[in-house]
**Student:** 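Pasting a structure here, questions to come.
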2 protein chains.
Amino acid sequence: MSRASEHAYAAIRAHVLSGSVAAGEQLTEDQLAQITGVSRTPVREAVRRLEDELLLVRSDTKRLFVADWSRDDIEEMFVLRQMLECHAAERAAKRLSREQIAALEALNRDLTAAVEQSPPDVARFLEANRAFHEAIIDAAHSPRLGQLLARLVEAPVVLRTARIYSQSDLRQSARDHDELVAAFAARDSDWARAVMGSHLRRAFHTFARAVGPKADEPANDRDGSEP
Amino acid sequence: MSRASEHAYAAIRAHVLSGSVAAGEQLTEDQLAQITGVSRTPVREAVRRLEDELLLVRSDTKRLFVADWSRDDIEEMFVLRQMLECHAAERAAKRLSREQIAALEALNRDLTAAVEQSPPDVARFLEANRAFHEAIIDAAHSPRLGQLLARLVEAPVVLRTARIYSQSDLRQSARDHDELVAAFAARDSDWARAVMGSHLRRAFHTFARAVGPKADEPANDRDGSEP
DNA sequence: CGAGCGCGATTTGTATACAATAACCACACA
DNA sequence: TGTGTGGTTATTGTATACAAATCGCGCTCG
């Protein structure tokens, strides 16, 4: 979108993801307009996108809140992402050119380097990881699929989980990517699908372990907070 | 959304689906505002939704056009819909209450009645069909899944395909639904998934047969037109 | 003859004022 | 005490005016 609207989107998104507003807290369009420095019109446009991505939600009477993700919500998204991204891997295996596979290798070399630093460069890891998955989705050549996945991948994962990965988690991710590249090089779509499946499912469990046990309540961090 | 915005959405959608504008034709927000009788503000909101549903598209320079679906686009959507809705059927099989199964049966009785009229009441069929599938998706209890499917199911299917179904197609649909209900009653999620898969894949082929052979170009009705 | 260039007309993007709706609060009444 | 009811404030929804971008077209200049 255009300047003001795009800026508002990025600013609001950053504002929410930074954690400076609690989950479940109310926001108003005026507030956001002041924060972002643009008028309510582009703010409304940005908010609509963020609602789409489920970062913001509206009450039944149109009031605006920061979304409050339960563990079940997260699991649901991982399941859907796994389903769609396995499909993407399968299609990509049939379509990736030699050059594209080489590009994936390069991306994963970068990712691996980020992991093997001490301490690991998590930001660089996340960026390389994002690029790697995006390249696969692009190669699947299914615009609708890309669009659906965008909504699932964007919001919840990067959310506040950036720093829950141990180095061994990161290393395993890098190895998964290596195996994916091998599957692609072999043009084995079944293999690619299977690797992608376990890759994402493991990511879910890593996440789940950090979030807490299964029987828990919805992520209820709105009462007690930082003293 | 609220009154004006919702009205604009419905009116524009109907306007496009009615076929009174050709695929690929340009629209302007002013035009749509006049047609719908509201100002550009709610029109823009409605247009965003329709872009989301891929009924409208914007050029690289933000100009607005009626989307032009190729056969590949349609197949892609059917594939994705099948993947997601099979998942929904599987989950629904584990969750549907006795009452909900009875409600599905009732819906399908209505659908069958519509089919067995002569001539078949296609509008009533479509409505019952929509309600049937929606009930299953709801029962899957996966809000994200529902949201993703909404975008896939809404746009392309009803599009301009309402009247390509033969009575035998419709009868087969009714039988599929019966079998789905049976699978649900048996709480057999594998069965439900399988039936849903063949149900949707057959729908695709019915559609594809009507649209034309595989090697075709994108639906290219924009050059030669009315003299 | 064709490629680039300017300029009026069209179209989209943004700000702002106002209208409609929902939440909040205080107070009366049972 | 608690429950409903009025008015007041906060918040979202819509219209409108204007700004910015884009297009179409005729023109010039090579």
Side-chain angles (χ1 to χ4, degrees), chain A residues 1-16 20-68 147 222-223, chain B residues 1-16 20-68 147 220 222-226:
Chain A
M1 296 284 108
S2 19
R3 231 182 68 260
S5 175
E6 188 66 31
H7 166 73
Y9 169 78
I12 297 170
R13 183 186 166 83
H15 186 242
V16 170
S20 62
V21 288
E25 191 169 316
Q26 181 171 5
L27 298 174
T28 72
E29 296 174 355
D30 259 323
Q31 230 176 82
L32 296 175
Q34 290 191 326
I35 291 174
T36 60
V38 300
S39 82
R40 270 182 58 217
T41 310
V43 163
R44 279 173 66 88
E45 193 142 331
V47 163
R48 203 171 133 12
R49 277 175 72 187
L50 291 163
E51 284 180 73
D52 243 43
E53 296 173 7
L54 300 170
L55 227 70
L56 304 178
V57 295
R58 277 187 193 276
S59 74
D60 48 352
T61 66
K62 312 296 183 184
R63 261 136 181 89
L64 192 63
F65 298 88
V66 177
D68 186 17
Q147 195 184 3
R222 53 207 302 201
D223 26 75
Chain B
M1 296 282 119
S2 28
R3 232 183 68 261
S5 174
E6 189 65 32
H7 166 73
Y9 170 79
I12 297 169
R13 183 186 164 85
H15 187 241
V16 170
S20 63
V21 288
E25 192 168 315
Q26 181 171 4
L27 298 173
T28 72
E29 295 173 356
D30 259 321
Q31 230 176 83
L32 296 174
Q34 291 192 325
I35 290 174
T36 58
V38 299
S39 84
R40 270 181 58 216
T41 310
V43 163
R44 278 172 68 87
E45 193 140 332
V47 163
R48 304 288 297 203
R49 279 176 69 188
L50 291 163
E51 284 180 71
D52 246 40
E53 296 173 7
L54 300 171
L55 226 69
L56 303 178
V57 294
R58 277 190 193 274
S59 73
D60 46 353
T61 65
K62 312 296 184 185
R63 259 131 182 94
L64 192 64
F65 298 88
V66 177
D68 185 17
Q147 196 184 3
N220 204 354
R222 55 203 301 198
D223 27 75
S225 346
E226 56 294 327

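First the proteins, then the strands, lettered A, B, ... as listed; each starts at 1.
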**Student:** Once side-chain hydrogen bond (donor to acceptor under 3.5 Å, both in side chains) is applied, do any residues pair with R3(A), and if so which ones, sequence neighbours excluded?
**Tutor:** none
**Student:** Pairs under 3.5 angstrom, nitrogen or oxygen only, protein versus nucleotides 7-11 of chain D, please.
**Tutor:**
residue : atom : partner : partner atom : Å
dT11(D) : O4'  : R63(A)  : NH2          : 3.3

**Student:** What pairs with E6(A) under side-chain hydrogen bond (donor to acceptor under 3.5 Å, both in side chains), at least two apart in sequence or on another chain?
**Tutor:**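 E6(A) satisfies side-chain hydrogen bond (donor to acceptor under 3.5 Å, both in side chains) with R49(A) only.
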**Student:** Would you compute the distance between atom CG of L56(A) and atom CZ of F65(A) and round it to the nearest 0.5 angstrom?
**Tutor:** 11.0 Å
**Student:** Calculate the interatomic distance between D60(B) atom CG and dT22(D) atom P; express it in whole Å.
**Tutor:** 9 Å
**Student:** Any residue in residues 34-45 of chain B with a heavy atom nearer than 4.0 angstrom to DNA chain C? Just list them by number, or reply none.
**Tutor:** R40(B), R44(B)
**Student:** Going 5' to 3' on DNA chain C, which nucleotide is the first and which the last to come under 4.0 Å of a heavy atom in chain A?
**Tutor:** dG13(C) to dA23(C)
**Student:** Take S2(B) and T61(B), find for each the nucleotide of DNA chain D with the closest heavy atom, and name the residue whose nucleotide sits nearer the 5' end.
**Tutor:** S2(B)
**Student:** Restricting to side-chain hydrogen bond (donor to acceptor under 3.5 Å, both in side chains), what partner residues turn up for R48(B), sequence neighbours left out?
**Tutor:**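 With neighbours one apart ignored, the set is E45(A).
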**Student:** Output every pair passing side chain to side chain donor-acceptor pair (under 3.5 Å) with a member in residues 30-43 of chain B, not counting sequence neighbours, ordered by first then second residue.
**Tutor:**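 Applying side chain to side chain donor-acceptor pair (under 3.5 Å) to every pair that reaches into residues 30-43 of chain B, excluding sequence neighbours, yields E29(B)-R40(B).
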**Student:** Quick check on side chain to side chain contact (heavy atoms under 4.5 Å, CB included): which of V21(A), V57(A), L50(A) does V66(A) satisfy it with?
**Tutor:** V21(A)
**Student:** Of all heavy-atom pairs between A4(A) and V38(A), which one has the smallest distance, and what is that distance?
**Tutor:**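 That closest heavy-atom pairing would be CB-CG1, 3.8 Å.
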**Student:** If you take all heavy atoms of D52(A) and Q147(B), which pair is closest and at what distance?
**Tutor:** O-NE2, 3.7 Å
**Student:** Quick check for you: to the nearest 0.5 Å, what is the distance between I12(A) atom CD1 and L64(A) atom CG?
**Tutor:**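 Spacing of CD1 (I12(A)) from CG (L64(A)) equals 8.5 Å.
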**Student:** Of R3(B) and A4(A), whose closest DNA chain C nucleotide lies nearer the 5' terminus?
**Tutor:**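 Here A4(A) is the residue nearer the 5' end.
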**Student:** Could you pull out all residues at least two apart from E51(A) that satisfy side-chain hydrogen bond (donor to acceptor under 3.5 Å, both in side chains)?
**Tutor:**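 Once residues adjacent in sequence are excluded, the partners of E51(A) under the side-chain hydrogen bond (donor to acceptor under 3.5 Å, both in side chains) criterion are R58(A).
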